[in-house]
2 protein chains.
Amino acid sequence: MTRKQNGMDNRIAKVGSVDVAKLAGVSRSAVSRTFTEGAYVSAETRQKVLRAAEMLGYRPNILARSLTTNRTHILGIITTDLINPFYALLLQECIERIQDKGLAAFVLRAAETDNDELISRLLSYQVDGVILANTKLASRTALDLANSGKPVVTINRYVDLDEITSVTCDNEEAGAQVADHLIAIGRKRIAFIAGDPDTSSSRDRERGFKQRLAEHGLKVQRESIGFYTHDGGAAAARMLLSPGTKPDAIFAANDLMGFAALDVAKLEFGLRVPDDIAIIGFDNAMAADWPAYRLSSVDQNIPRMVDVAIEEILSRLSGERSRTRHFRIATNLVARESTGATKMKD
Amino acid sequence: MTRKQNGMDNRIAKVGSVDVAKLAGVSRSAVSRTFTEGAYVSAETRQKVLRAAEMLGYRPNILARSLTTNRTHILGIITTDLINPFYALLLQECIERIQDKGLAAFVLRAAETDNDELISRLLSYQVDGVILANTKLASRTALDLANSGKPVVTINRYVDLDEITSVTCDNEEAGAQVADHLIAIGRKRIAFIAGDPDTSSSRDRERGFKQRLAEHGLKVQRESIGFYTHDGGAAAARMLLSPGTKPDAIFAANDLMGFAALDVAKLEFGLRVPDDIAIIGFDNAMAADWPAYRLSSVDQNIPRMVDVAIEEILSRLSGERSRTRHFRIATNLVARESTGATKMKD
DNA sequence: CTGAAAGCGCTTACAG
DNA sequence: CTGAAAGCGCTTACAG
């Protein structure tokens, strides 16, 4: 036992497989095998080892193991601003799923720039794969990553280059469904608040939305950019509601902007929602269901997205397929009072 | 070079310190030294190594290093439900700070029960220390952790036993300040919505609040439990506002419940806020500042809390101090319209 | 300042 | 089914 009782160091002695082997009266190989899925050990040996391990409080050092197996069972997640509740939920789901699979999640927060060093650090830690959640990556960095041979998948974004597998909701179809919904409730003067124009999510939602409107002979009457933030959404809404022909509906590319638009319309312009103006957001954030808002929105099915992403990484790790794919997960429009749905009394 | 070009395996050949050494014409010791803070290498050797490393795309394997240094530079964070925006922000801050320190953050999500296995897994990964963010831990588990010799600190909670260092905001003082505030605006019939009664945070807020009220000859007129959730808060508010002497102020132990109370008061009971009833929450969530709510709240100074927690872990790791401490970080009451502050026009 | 050698805690063919 | 030995990628006294 490597007991180092030198002076101040009152740390617990680390127990290794040797210690267990010694106590159990077997070889280190035997203890290794009892802790290795599907390795050959007799029931008897296994028992002896388990008992000894229990007594000593032995826990295999996963990091040491990774040195020989070449698998760390660590997945890296790069995320951005968790003040956006959708991102927080997405991250939570990733963490949970990874955990359920018996893997560990390394979480890094990406600044807007300078992600190269982050990636480099991730690779130093020998992660088995990486999930880019809501992260824009410089194309070069993305390529480097792809070339590292590690499975990489982006969630809720995709990179221009086709080298990297992505999982997003079906933003384009979702945009179209929002158009259908607004048309169905008889709106004609329709406005749009874009998210961050740099993101694929905002662009796809916009494209699907406008295209479906066009199929019905309509077009967006006014539009503005809200950058996916509450303040940005408020500013955009003020612009859309400024003098002139006011819209009778607003589609905000996320809920944060939808909440802002709702508040601006009601409190600053004295409009009635949905009578004077219908408003719909995107993400189906928790607050969309709160009485003060009752904001119609689009649910992204986060669990499914994360599931697909992780399965993809796992199957790559087991060497199954390797073609890059772009998964589109179906969304679900949730109609609430902000677009005229009557309140459900529970 | 360990190039394994066997068949389907198109993975990039892993380059190790041997490869770099060979290319640079030096020993592995030399390359190790150039990548080790403050080790002796001549400028010349260093250059050769750096150049070779650059060419090969070499990155030291941190995990392998940890085997001999006994430091992984990984910190484990155990968090709970990120749907609570305060928790999400706290986690974000932890991740960011850890990253800034050049460490890596392992994030686990704790279920309500069964955390033992989680902890065990964390220890398998040889984390250098662990942060328990908003996590209740079975006392036994907590003790095990403390006994593992790893620095552990809880944020926003503390465990009954005194073995573990904690960082929280000064919940008791904050509760007292809320009492002062409500008294200052002339309220007399004061109600309280508790969070999860199992948490130290809720209990401490309540204690400070009631004590200060008592000092002014007042007491909580009605109280209920909202379990820190929106729905729980709504139910609690309905109870508080039921027939009888209605309160003229409510202190909700977090914002989620505060929002719910505000909505219930306004929309279900037709009360004017703050004229008929003043409402104040806790956490200063983003939505507290939204026009629909303008909810007075208490800001917890997350950056400071996280800073203290991480410094504590770091200083323990460098063997400096070891006495358990309970840090209390000062809060800041943010008065908004829900308790009568006039709106700031920006 | 530098290199050879031993060691960190595990796993894995290889014989038996 | 089991054990001795070599190896994973690094670091660190130890000599020089």
Side-chain angles (χ1 to χ4, degrees), chain A residues 1-4 6 11-22 24-49 52-53 56-74 123-128, chain B residues 1-4 6 11-22 24-49 52-53 56-74 123-128:
Chain A
M1 207 175 294
T2 347
R3 189 173 284 278
K4 308 175 196 160
N6 46 352
R11 247 172 296 172
I12 265 53
K14 269 229 202 100
V15 2
S17 61
V18 231
D19 305 310
V20 178
K22 213 168 290 174
V26 298
S27 71
R28 296 166 66 210
S29 317
V31 354
S32 172
R33 287 190 186 103
T34 52
F35 287 101
T36 301
E37 202 79 3
Y40 287 125
V41 235
S42 65
E44 191 191 358
T45 310
R46 165 179 230 90
Q47 279 317 311
K48 282 194 288 188
V49 171
L56 298 176
Y58 170 72
R59 224 184 292 289
N61 179 333
I62 299 197
L63 267 28
R65 172 190 335 223
S66 80
L67 218 47
T68 89
T69 60
N70 239 323
R71 280 274 180 285
T72 54
H73 299 284
I74 301 176
L123 295 180
S124 271
Y125 276 101
Q126 316 296 118
V127 295
D128 283 347
Chain B
M1 207 176 293
T2 348
R3 188 173 286 278
K4 309 176 197 159
N6 46 353
R11 248 173 294 170
I12 265 49
K14 270 230 202 101
V15 3
S17 63
V18 230
D19 306 309
V20 178
K22 214 169 289 176
V26 297
S27 72
R28 296 165 67 212
S29 317
V31 353
S32 172
R33 287 189 186 105
T34 50
F35 287 101
T36 301
E37 202 80 3
Y40 288 126
V41 235
S42 63
E44 191 190 0
T45 309
R46 166 179 228 90
Q47 278 316 313
K48 283 194 288 193
V49 170
L56 298 176
Y58 171 72
R59 224 184 294 288
N61 179 333
I62 299 197
L63 267 30
R65 173 189 337 222
S66 80
L67 218 47
T68 88
T69 59
N70 240 322
R71 279 275 180 285
T72 54
H73 298 285
I74 300 174
L123 295 180
S124 271
Y125 276 102
Q126 318 293 121
V127 295
D128 284 347

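Model, not experiment: these values are computed from the prediction.
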Exercise. Specify the closest pair of heavy atoms between B/Asp128 and B/His73, including all atoms of both residues, with the distance to one decimal.
Key: OD2-N, 2.7 Å
Exercise. Assign a letter to each nucleotide of nucleotides 10-16 of chain C from its 5' end: B, base within under 4.0 Å of a protein heavy atom; S, sugar-phosphate only; -, no contact.
Key: BBBB---
Quiz item: Which pair of heavy atoms, one from A/Leu56 and one from A/Val15, lies closest together, and at what distance?
Solution: O-CG1, 3.4 Å
Practice problem: Send over the distance from A/Tyr40 OH to D/dT2 P, rounded to a whole Å. | Solution: 12 Å
Quiz prompt | Nearest-Å distance once atom P is located in both C/dC10 and C/dC14 | solution = 24 Å
Exercise. Calculate the interatomic distance between B/Leu67 atom CG and D/dC8 atom P; express it in whole Å.
Key: 14 Å
Quiz prompt | Whole-Å distance separating the OH atom of A/Tyr125 from the C1' atom of D/dG9 | solution = 16 Å
Quiz prompt | Sequence-distant partners of A/Leu63, side-chain contact (heavy atoms from CB on, under 4.5 Å), two or more places apart | solution = A/Asn61, B/Leu63, B/Ser66, B/Thr72, B/Tyr125, B/Gln126
Side-chain atoms of residues 34-45 of chain A: list all donor-acceptor pairs with protein atoms under 3.5 Å, sequence neighbours left out, distances to 0.1 Å.
from, atom 1, to, atom 2, distance (Å)
A/Thr34, OG1, A/Val31, O, 2.7
A/Thr36, OG1, A/Ser32, O, 2.8
A/Ser42, OG, A/Thr45, N, 3.1
A/Ser42, OG, A/Thr45, OG1, 2.6

Exercise. Could you pull out the closest heavy-atom pair between B/Ala64 and A/Leu67, with the gap in Å?
Key: CB-CD1, 3.6 Å
Quiz item: How long is the line joining CG of B/Asp19 and P of D/dG9, in whole Å?
Solution: 9 Å
Self-check item: For the student: nearest non-hydrogen atoms of A/Ala52 and A/Ala24, plus distance
Solution: CB-CB, 3.8 Å
Exercise. Search all heavy atoms of A/Arg28 against all heavy atoms of A/Ser17 and return the closest pair with its distance.
Key: NE-OG, 3.7 Å
Quiz item: Between B/Ser42 and A/Leu63, who's closer to the 5' end of DNA chain C by nearest nucleotide?
Solution: B/Ser42
Self-check item: Listed partners of B/Arg59 passing side-chain hydrogen bond (donor to acceptor under 3.5 Å, both in side chains), at least two apart
Solution: A/Ser120
Quiz item: So what stems show up for DNA chain D if we need 3 or more Watson-Crick or G-U pairs in a row, all under 3.5 Å?
Solution: C:1-3 with D:14-16, C:5-12 with D:5-12, C:14-16 with D:1-3
